[in-house]
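Comments concern the structure below.
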Amino acid sequence: MRIGVFICHCGTNISGVVDVVKLAESISHYPGVVISKENKYMCSDPGQNLIKSAVKEYNLDRIVVASCTPKLHENTFRACLEDLGLNPYMLEIANIREQCSWVHSDNPELATKKAEDLIKMAIARVRFAKELTCSKVTIERRALVIGGGVAGIQSALDIANAGYHVTLVERTPSIGGRMAQLDKTFPTLDCSACILTPKMVEANRHHLIKILTYSEVEEVSGFVGSFEVTIRMKSRSVEMKKCTGCGMCQSKCPVKVDSEFDEGLSKRRAIYMPFPQAVPNIPVIDRANCRYFLEKKCGVCKKVCPSDAIDYDQEDTILKEKFGSITIATGFDLFDHSAYGEYGYGKLKNVITSIQYERLVNSSGPTGGHIIRPSDGKEAKKVAFISCVGSRDNKMGKPYCSKVCCMYTAKHALLLKEHVPDAEAYIFYIDIRAAGKNYEEFVYRVQENYRVKYIRGRVSKIFEEGDNLIVRGFDTLSGESIEMEFDLVVLAVGVIPRKDSDSFARMLNISLDANHFVGELHPKLAPVEKNTPGIFLSGSCQYPRDIPESVAMAGAAAVKSLSLFAKEFLTSEPMISEVNTSICTGCLNCKNICPYRAINEEEIKDLDGKIRIVAKVNETICRGCGTCVASCPSQCINLKGVSNEQILAAIEAL
Amino acid sequence: MDNNNQQTWEPKIYAFLCNWCSYEGADLAGGGRRIYPANVRIIRVPCSGRIDPVFILKSFERGADGVLVSGCHPGDCHYTEGNYFARRKFVLVKKLLEYVGIEPERFQARWISASEAIKFVETVKEMTENIRKLGPNTKLVKNIKEEITCQ
Amino acid sequence: MEYSYYPGCSLKSSSKDYAESVKQVSDKLGITLIELSNWACCGASVSHIPEESLSLALPALTIAEADKYSRDIVASCAACFNRLKSTHLLLGKYPEKKIETEKLIGKNLSVKINVKHFLEVLFEEVKDWDSIIIKKLKGLKVACYYGCLLTRPNDMIKDGKSEDPRMMDNLMEKLGAASIDWPFKTECCGTSFGLSKPEVVLKLSGRILRSAKKSGAECIVVACPLCHSNLDLRQSQIEKYNNLKFDLPVFYFPELAALALGIDYRNLLLDKHIVDPMPLLRRKDLI
């Protein structure tokens with residue numbers, strides 16, 4: 001073992017306090033140290049050349065640099081070793097600037113003593129340094145996107161346009177998601193369907209995108225570069241290849257159930273396409289409501305189908321495929337306002353939700369764009385819009401701001417005025433949050449040009465008087481309680497995580513945040529990544545997002561997949577855990593606590609031929625935190641580069 | 001640091017700091033030239049979850065008068081949850097140390113973020129002063145001064 | 001079943017009719033209500049104004065007294081019930097408040113016994129009303145008025161929905177009456193402002209009566225002495241103030257239960273009501 005120690009003056013930053021020359025002299029007598037040198041700037045070219053020539057001259061096999069924090073120049077000196085043909089991990093840095101000379105300038109004598117201790121500890125550590133290398137893993141260059149809303153569609157398009165295969169999985173019979181339900185988009189008032197439909201069609205026609213609608217991801221295993229995914233394609237009871245999408249079946253089907261797409265404001269049939277522009281343009285049979293499946297009667301759709309596409313015996317198809325990356329774009333659900341007693345526990349007929357209102361104002365919606373109230377079909381002339389229903393409300397367990405409601409509520413009021421010019425619109429709000437390009441101007445326009453009345457205060461009670469609704473609230477600006485009569489009340493229900501987000505997260509082995517949205521790797525610096533490498537986030541699965549944000553996230557998530565696919569192979573971190581299988585007892589304590597689920601069990605054959613279970617670290621997933629090492633009862637798992645031996649040696653060095 | 005000589009005795013403190021928060025916090029104290037007692041010897045580990053209780057016991061055995069362990073604040077762990085496992089271990093270690101008669105002031109666990117240079121400095125000052133009052137640690141210490149750990 | 005009975009000040013004075021109906025019904029059903037000999041004022045709507053500790057100490061005195069007998073406490077006044085129950089809940093939830101309160105009253109508290117409203121007791125004790133009802137309250141359209149204190153906060157009576165409670169409605173339906181759905185079940189009647197600022201009561205109680213009348217009720221059923229006096233005693237004042245005619249008798253729920261159970265109306269002190277209920281009861285063939 002031939003160790004060289006190189007001590008930096010850092011100008012006078014170190015040498016002004018620590019007696020560097022004396023230190024270099026005393027360290028040179030330390031066991032195992034072959035040579036000890038000091039230099040004005042060790043990181044400079046002359047400094048590095050000094051190291052290089054010393055390594056050659058004295059045939060050194062590992063070095064200690066005593067200088068500034070390793071955060072600054074660890075990589076510089078590793079590269080220096082690499083240039084010499086040595087393994088870059090045969091290096092230790094003693095931090096004698098930030099953690100010594102700069103903080104002990106009051107006592108040069110003790111500082112010098114401490115610097116010596118720090119160097120001794122580094123020497124002890126470097127004695128146990130081992131050559132570390134990265135291993136290479138191949139990448140499956142195909143992306144899985146879960147969720148066919150605007151975020152999922154955009155992600156799929158961005159990845160496919162770069163030349164890679166994408167599978168887009170959507171749970172409902174058509175892609176399009178929430179955006180397909182919307183009427184106009186704020187603040188430009190573009191028709192939502194008009195800007196979305198071309199994207200849906202483009203995705204459908206793209207030769208690299210495979211769209212699986214009416215399908216769900218059931219199981220995910222593997223890791224970045226090679227996820228193994230099981231997808232269940234639920235039986236449509238319609239043969240996709242034969243169906244022409246003529247729609248004869250749904251016009252003749254005798255069963256009527258509430259339309260999910262129209263939020264219960266209209267009826268659909270048991271065999272249905274959720275909306276006319278559905279992609280693919282092929283219906284499904286809702287077996288839970290179909291008379292044929294319930295009573296073995298009917299069969300009308302089969303009789304009327306001109307292309308013989310109905311297949312009652314069709315079964316679910318299970319697909320097993322490999323993907324290099326997974327993008328989650330599962331979107332959101334909406335808060336169920338029946339939790340609000342003061343708003344009538346969801347029982348008041350003329351109290352509707354914002355998404356129902358979207359369908360009402362939509363010219364292709366159930367009323368053809370007429371804003372009529374559910375109780376009697378009368379046109380609504382005076383409408384109250386109430387914001388923050390199921391958001392910013394601790395009582396409901398929803399402390400967060402739902403973000404999109406201020407803007408869509410302003411849009412709703414504007415649309416009311418456009419559809420019914422003599423109508424009155426009142427918006428009850430807590431704060432107006434209009435942070436976004438042209439958003440504030442939009443709200444101002446709604447207030448000034450459309451004379452929509454904003455009342456700052458929570459509504460404390462809504463009750464019926466006849467068919468009309470009395471809204472009681474408090475105007476916090478005038479300090480008066482108010483009571484007003486309305487034809488229709490629209491509740492701006494908050495965006496909430498998908499109701500099955502918990503089981504979805506368990507299936508993917510990912511974490512959720514406190515509000516059960518999908519948590520990101522870092523709130524500032526990695527907002528579209530998960531702590532599981534290779535899994536990316538797009539759209540409102542992460543937090544309420546409006547359309548431009550969802551689209552931007554979709555692009556960002558796509559880039560993450562693409563930069564993964566652009567690599568020739570994946571390299572693992574060199575400083576990761578490794579298992580000494582000869583002493584591992586297979587307790588798998590490490591497996592249970594690993595934050596990255598990087599450890600799995602493995603069967604190995606002992607010398608005597610017996611099979612036993614031991615822990616195995618997946619090198620691509622392990623990030624090298626070492627929590628497993630500190631928790632191994634038999635000390636058989638170790639962290640390369642920060643091994644138990646190295647730390648204990650450092651402790652024992654003094 | 002001669003533990004036997006009361007005249008020149010200075011408390012010896014080992015600090016195990018996680019790479020991402022507390023070690024950076026200590027670096028930031030340096031950047032800000034915040035003076036603190038030169039009694040602490042910092043050992044960098046990737047995560048507070050990496051700190052094996054053996055390290056703490058070994059430190060006392062080798063004559064440490066105090067041990068500081070520190071990582072990212074709960075919820076802020078670079079490795080998402082390593083510090084939670086650390087916290088559970090530290091609670092047990094603290095109990096064990098008290099059981100063998102080591103004063104609780106000698107073992108401190110803190111959450112110090114990369115921006116909390118002042119907290120780091122105050123922690124070191126406070127620990128050094130407390131331990132100075134207590135005097136050298138005598139429990140668990142193994143007298144192997146002359147043994148050289150060259151292997 | 002035996003209970004420690006907490007009558008409260010109203011039932012000893014202004015609401016003797018309520019007290020009497022509670023007694024008649026519980027006697028008939030074999031529910032033993034043993035009045036606590038040493039009950040203290042519940043603090044009502046004023047004790048929490050100076051400080052919280054007082055508002056906990058007063059009910060705690062009664063709870064400590066009831067502890068001696070290990071029987072659940074029953075109150076029939078909504079305010080008494082609210083004070084006792086919320087104190088009980090708070091002391092169970094926050095040990096430090098319990099210790100502080102124990103110091104204040106100089107007695108130890110067990111929070112094992114429960115606090116119940118007489119409405120809950122009727123609900124829990126009687127499983128099969130059909131077999132004991134002598135005279136169904138057929139055709140009587142009642143508006144059940146819970147007031148503000150019986151259901152708030154959410155975990156007061158075990159009913160789930162504090163804004164739309166159903167317990168009294170369900171009881172009335174079991175007795176054969178038709179309980180109407182109306183929006184003012186839990187509105188404030190104006191409480192004790194009847195003395196200091198009567199126009200508040202005239203306005204608020206006026207809305208309650210108006211809503212009940214509009215929803216088609218023939219009478220109002222209450223579970224609180226103060227609600228009763230605001231809606232019944234002040235009804236003619238309210239009518240004058242609002243320039244409306246209501247003529248809505250106001251019953252305590254045990255009074256109607258008593259009639260259904262075949263108890264002679266003459267035992268019920270119905271003559272203490274200001275809005276005469278007799279014409280309605282006669283019209284419905286209930287007396």
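First the proteins, then the strands, lettered A, B, ... as listed; each starts at 1.
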Leading residue by heavy atom contact count with chain A [cutoff under 4.5 Å; candidates [options]]:
options: B:V45, B:D52, B:L28; result: B:D52
options: B:G82, B:S59, B:C77; result: B:S59
options: B:R44, B:R33, B:E81, B:E24; result: B:R33

Identify which of [options] forms the greatest number of heavy-atom pairs closer than 4.5 Å to chain B.
options: A:C625, A:C632, A:G626; answer: A:C625
options: A:L639, A:L118, A:I593; answer: A:I593
options: A:D106, A:L110, A:V629, A:I647; answer: A:I647

When every non-hydrogen atom of B:A38 is compared with those of A:H104, the smallest separation belongs to CA-CE1, 3.3 Å
Here the pair of heavy atoms bringing B:Y79 nearest to A:G624 is OH-O, 3.8 Å
If you count the non-hydrogen atoms of other residues, nucleotides and ligands that lie under 6.0 Å from CG in B:L96, is the total more than 12? yes
Taking atom CD of A:E109 as the centre, does the number of heavy atoms from other residues, nucleotides or ligands within less than 6.0 Å exceed 12? no
Can you tell me which portion of [X] sits under 4.5 Å from chain A's heavy atoms? Options are side chain, backbone, both or neither.
X: B:P37; result: backbone
X: B:F16; result: side chain
X: B:V121; result: neither
X: B:N19; result: both
X: B:Y36; result: both
X: B:I42; result: both

One thing to verify: whether B:E10 and A:K114 come together as a salt bridge, which I'm taking to mean a side-chain N less than 4.0 angstrom from a carboxylate O. no
Region of [X] in contact with chain B, defined by heavy-atom distances below 4.5 Å:
X: A:D513; value: neither
X: A:Q635; value: side chain
X: A:S511; value: neither
X: A:R97; value: neither

Could you tell me if the side chain of [Y] sits less than 4.5 Å from the side chain of [X], heavy atoms only?
X: A:N107; Y: B:I35; value: no
X: A:M121; Y: B:I43; value: yes
X: A:N95; Y: B:D27; value: yes

Would a distance-only check, ignoring hydrogens and angles, find a side-chain to backbone donor-acceptor pair under 3.5 Å from B:R50 to A:V642? yes
When you measure from the side chain of B:Y14 to the backbone N and O of A:I651, does any donor-acceptor pair fall under 3.5 Å? yes
Would you give the length of the straight line joining atom OH of B:Y23 to atom NZ of A:K71, rounded to the nearest 0.5 angstrom? 8.0 Å
